[in-house]
Amino acid sequence: MSPIRSLSLTLLAAGGVGLLSCATSRAQDAELPKAPAVNILNYSVRGADIDKKAKDAFIAVAKYNAEYVANPKVYANAQEVVPNIRIRTVDDLQREITRVALAPLPDGKVGIDQADYIRELGIAFDNELKAVVKTNPTPIVRINAMRLLAEACRSGAVAHYPTITGLITSPDTPPEVKYYAFQAAANLLSAYDIANPTTRLHSNNAKEVNALVAALQDAILKPDAILSPPAKGATTPRSAAKDAENDAEVVRFIRRQAIKALGRCRFSDKPMATAPPLYPAFTLALVAISSPDIVPAPSRTEVAEAVIGICNMSPPTRSNEKMPYAQAMAEVVATGIANFAAERESSPQDNSLPWRTYGARLDEALTQWRTLFNPLFDPRKPTVQSSDVPGPVEKVVAEAKRVVLAPMISRNGAVSASTLMKFRNDTLRADKGWTSNPFVSGPSKTLPKHD
């Protein structure tokens with residue numbers, strides 16, 4: 001593997017902790033920034049005036065975080081250079097950002113009264129942290145700044161959308177930074193429209209949301225979107241095969257974050273007035289069935305994340321598309337869960353994956369998926385069931401839970417992915433309405449044949 005790619009994987013594996021040390025004198029001479037003596041949450045209450053004083057406070061807090069992660073004492077070996085100083089970790093800073101970067105969700109705790117606060121604080125965090133991510137010469141500093149920016153994105157502030165979309169699409173963004181940029185994208189797409197939290201709309205206008213969704217789709221579908229191809233002559237013929245194998249593992253590791261992020265999109269299709277429509281559910285379906293279009297072939301956990309993402313998406317709203325979508329996606333979900341669980345069936349003692357955790361997440365996702373076919377779905381009451389669930393969806397949810405997920409979670413009984421696959425072949429594909437085209441409005445979006 002090339003030195004750059006090896007470094008990328010090493011930094012990712014470390015989770016952003018300080019791997020790179022600097023000269024002792026430099027670390028000892030660097031003064032740690034002092035936190036601003038201001039509680040910016042005071043400006044989030046109803047009626048608070050977001051004036052110049054408030055904006056200056058936001059900038060001061062954002063600048064403090066940016067300067068802190070860039071300080072040598074933070075990423076150097078603290079035990080050697082600053083043995084008696086309590087240095088805040090990146091986790092500490094993330095928790096503080098989570099506290100002040102309010103996230104609009106359907107629970108109503110954050111509403112339209114906090115809109116100005118979220119917008120202006122987002123601008124401050126974006127400006128300060130983006131500069132560190134893009135210009136700091138130290139890799140670990142860029143990673144840590146990106147981790148903080150990802151946390152700030154939980155607010156869904158509109159300022160973050162072009163920044164995150166740009167980082168994902170830029171060929172100059174290092175893969176270890178893209179990893180956390182995908183986490184930032186997931187956080188952005190998880191935030192709701194602060195003025196309409198019951199509609200499942202995202203926190204920005206359609207144009208900006210669609211641009212981010214398109215960037216995530218490209219990251220999944222284009223083989224070179226995460227790792228650029230190695231320079232000509234960078235590897236010898238003898239090492240080329242090994243490098244390709246290692247690179248594939250790096251791509252899968254980072255791409256899984258892109259798949260999780262795309263799964264936070266709450267709509268199976270995203271019509272656009274001035275461009276071809278987007279079909280994020282179709283992209284995830286290609287991953288779930290391990291389509292040859294996904295290079296390198298997806299890992300089992302990528303397949304599971306794709307299924308979870310599909311189950312988070314509302315079906316098309318056009319009445320003539322609801323049933324074809326349900327029929328096609330029911331098969332996709334069955335195929336994905338069966339392929340994910342196949343190794344657990346063949347090797348019941350396998351511990352290579354957190355099977356129970358994934359089983360519980362898939363089980364919860366399937367339960368939610370049923371509710372999203374309710375045209376009156378209210379995210380404030382996500383467990384309310386409806387009589388509008390199409391038959392194929394009802395059947396695959398019940399069968400997947402019975403033969404795969406229930407025994408996987410409880411560890412009572414055997415996981416039978418083969419039974420679920422037989423159900424897919426004998427029941428779903430035998431249905432006269434079975435289709436491989438989930439979108440009537442997108443006839444070219446046809447799922448390839450798969451076993």
Side-chain angles (χ1 to χ4, degrees), residues 1-20 69-70 75 90 129-151 153 160 162-189 211-235 239-264 283 287 294-299 301-302 305-306:
M1 190 186 304
S2 68
I4 293 178
R5 298 186 186 207
S6 179
L7 174 62
S8 298
L9 190 56
T10 302
L11 289 171
L12 283 170
V17 298
L19 289 179
L20 305 181
V69 293
Y75 62 85
V90 177
L129 293 171
K130 173 176 63 179
V132 179
V133 172
K134 290 188 173 183
T135 65
N136 194 284
T138 307
I140 197 64
V141 172
R142 294 197 298 268
I143 291 175
N144 286 338
M146 190 65 240
R147 291 175 65 194
L148 297 190
L149 182 55
E151 202 66 27
C153 285
H160 298 311
T163 296
I164 301 307
T165 302
L167 287 170
I168 290 173
T169 57
S170 173
D172 297 326
T173 303
E176 65 272 15
V177 172
K178 273 189 181 176
Y179 177 85
Y180 292 105
F182 291 140
Q183 291 188 10
N187 290 340
L188 276 179
L189 292 174
L212 180 57
V213 168
L216 291 170
Q217 290 192 147
D218 284 347
I220 296 167
L221 296 172
K222 295 183 177 180
D224 296 333
I226 292 174
L227 287 184
S228 300
K232 188 175 182 180
T235 58
S239 65
K242 186 63 176 178
D243 280 358
E245 179 184 340
N246 290 337
D247 286 354
E249 289 306 311
V250 175
V251 169
R252 292 186 182 102
F253 182 80
I254 300 175
R255 188 177 61 191
R256 183 174 59 195
Q257 294 301 316
I259 292 167
K260 291 176 70 173
L262 186 60
R264 300 291 179 89
T283 299
V287 177
I294 308 300
V295 179
S299 65
T301 53
E302 287 181 289
E305 296 295 350

Participant: Going by distance alone, is a donor N or O of one side chain under 3.5 Å from an acceptor N or O of the other, for Thr301 and Arg256?
Facilitator: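 Looking only at side-chain atoms, Arg256 and Thr301 do form a donor-acceptor pair, the distance falling under 3.5 Å.
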Participant: Closest heavy-atom contact between Lys130 and Thr163?
Facilitator: CD-OG1, 3.5 Å
Participant: Going from CE on Met146 to CD on Glu176, what distance comes out if it is rounded to the nearest 0.5 angstrom?
Facilitator: 12.0 Å
Participant: Calculate, to the nearest 0.5 Å, the distance between atoms CG and OG1 belonging to Leu221 and Thr283 respectively.
Facilitator: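 Leu221 atom CG to Thr283 atom OG1 measures 4.5 Å (nearest 0.5 Å).
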Participant: Please report the closest heavy-atom contact between Ala211 and Thr165, naming both atoms and the distance.
Facilitator: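 Answer, listing the atom of Ala211 first, then Thr165: O-CG2, 3.8 Å.
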Participant: Using only atom types and a distance under 3.5 Å, with no angle test, would you say the side chain of Thr173 pairs donor to acceptor with the backbone of Leu167?
Facilitator: yes
Participant: Heavy atoms only: give me the nearest Ile226-Ala219 pair and the separation to one decimal.
Facilitator: CD1-O, 3.9 Å
Participant: If the test is side chain to side chain contact (heavy atoms under 4.5 Å, CB included), which one of Val132, Asn187, Ile164, Asn144 qualifies with Leu149?
Facilitator: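 The option that passes is Ile164.
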Participant: What's the shortest heavy-atom distance between Ala306 and Ile259, and which atoms?
Facilitator: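 In this case the closest contact between Ala306 and Ile259 is N-CG2, 3.7 Å.
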Participant: Between Ser299 and Glu302 (side chain of the first, backbone of the second, donor and acceptor by atom type, cut-off under 3.5 Å), is there such a pair?
Facilitator: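 At least one qualifying donor-acceptor pair exists.
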Participant: Is there a donor-acceptor pair closer than 3.5 Å between any side-chain N or O of Arg255 and the backbone N or O of Pro296?
Facilitator: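 It does hold such a pair.
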Participant: Any side-chain heavy atom of Gln183 within less than 4.5 Å of one from Cys153?
Facilitator: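 No - every pair of side-chain heavy atoms lies 4.5 Å or more apart.
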Participant: Between the side chain of Thr138 and the main-chain N/O of Ile140, is any donor-acceptor distance below 3.5 Å?
Facilitator: no
Participant: If you measure from CD on Gln257 to CZ on Arg252, what distance do you get to the nearest 0.5 Å?
Facilitator: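 Going from CD on Gln257 over to CZ on Arg252, the span is 15.5 Å.
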Participant: Which value, rounded to the nearest 0.5 Å, describes the distance between Tyr180 atom OH and Arg142 atom CZ?
Facilitator: 14.0 Å
Participant: For a quick test of reading the model, state the closest non-hydrogen atom pair linking Ala215 to Thr169 and the distance between them.
Facilitator: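 Looking at all heavy atoms of both residues, the shortest contact is CB-CG2, 3.5 Å.
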Participant: Could you tell me which non-hydrogen atom of Phe182 sits nearest to which non-hydrogen atom of Ile168, and how far apart they are?
Facilitator: CE2-CG2, 3.6 Å
Participant: Within the side chain of Arg264, is there an N or O that forms a donor-acceptor pair under 3.5 Å with the backbone of Leu189?
Facilitator: no
